[in-house]
Amino acid sequence: MARLVELAQAGDLSGYCRLAGSMCVDFAEERGGAAAIPPQPPLIAGTRVIPSRTSGTAGVAGGQLLVLCGTDGLGRQYRTEMLVSTASDGTLYAINGVYWSNAGLAVSANTGGPTGGAGIDCPDR
């Protein structure tokens, strides 16, 4: 997470997206590009372990869920659920890797809630 924040705050979206995983460039552009990069690191409001599971014949990756909160560079508040997992080669990757994207993670079969971070809220601002 520290490396992602460092790259984001340096304005290095291409370096950021090399670490943050698939769909990063599209997510970042949809949220306002480099102008939307938060000036402050995100607050980690909470974490949760999401177990790997099987859905039909396919495996669904688990990992460490981070609920990240803050204000982006355009003044919009965000609450993003980022799942950090380990690939088969041992490298880390992220789902919802753009921490200011305001995206949720739908894993209700594992958590009993509508999103992976159900019940983890950002502090009042």
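Side chains included, hydrogens not; waters and symmetry mates left out as well; all remaining heavy atoms used. Note that the numbering runs from 1 along the sequence shown for the chain.
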After noting the C-alpha distance and the side-chain angles of Tyr16 and Cys24, does the key distance pass the side-chain contact (heavy atoms from CB on, under 4.5 Å) rule?
CA-CA 8 Å; Tyr16 184 96; Cys24 174; 3.7 Å; yes
Applying side-chain contact (heavy atoms from CB on, under 4.5 Å), run through Leu68 and Met1 and close with a yes or a no.
CA-CA 10 Å; Leu68 306 167; Met1 192 70 224; 4.0 Å; yes
Under the side-chain contact (heavy atoms from CB on, under 4.5 Å) criterion, do Leu83 and Asn96 qualify, and how do the steps go?
CA-CA 7 Å; Leu83 181 67; Asn96 294 344; over 6 Å; no
Derivation and outcome, side-chain contact (heavy atoms from CB on, under 4.5 Å), residues Val84 and Leu66
CA-CA 8 Å; Val84 180; Leu66 306 173; 4.2 Å; yes
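Side-chain heavy atoms closer than 4.5 Å link hydrophobic residues (I, L, V, M, F, W, Y) into clusters, and following such links, possibly through other members, connects Val5 to Leu92.
Applying the salt bridge (Lys or Arg N to Asp or Glu O under 4.0 Å) test to Arg18 and every residue at least two apart in sequence or in another chain returns nothing.
The distance from the CG atom of Leu19 to the OH atom of Tyr93 is 15.0 Å, given to the nearest 0.5 Å. Distance check, rounded to the nearest 0.5 Å: CD1 of Ile120 to CG of Leu65 gives 6.0 Å. Taken to the nearest 0.5 Å, the OG1 atom of Thr80 stands 11.0 Å off from the CG atom of Leu105. The OG atom of Ser101 sits 11.5 Å away from the CZ atom of Arg79 when rounded to the nearest 0.5 Å.
The side chain to side chain contact (heavy atoms under 4.5 Å, CB included) test with Met82 singles out one residue from Ile95, Leu4, Ile44, and that residue is Leu4.
Between the Arg48 side chain and the Ala118 main chain, a donor and an acceptor come within less than 3.5 Å of each other. With Gln40 contributing its side chain and Gly70 its backbone, the two residues share no donor-acceptor pair below 3.5 Å. No donor-acceptor pair closer than 3.5 Å links the side chain of Arg76 to the backbone N or O of Trp100. For the pair Arg31 (side chain) and Val98 (backbone), a donor-acceptor distance under 3.5 Å is absent.
Annotation for Ala28 and Leu13: closest pair CB-CD2, 4.3 Å, computed over non-hydrogen atoms. Scanning both residues, Cys122 and Ala45, for their nearest heavy atoms gives CA-CB, 4.4 Å. Residues Leu74 and Gly32 approach most closely at CD1-CA, 4.3 Å, considering heavy atoms.
Between Tyr78 and Pro38, some side-chain heavy-atom pair lies under the 4.5 Å cut-off.
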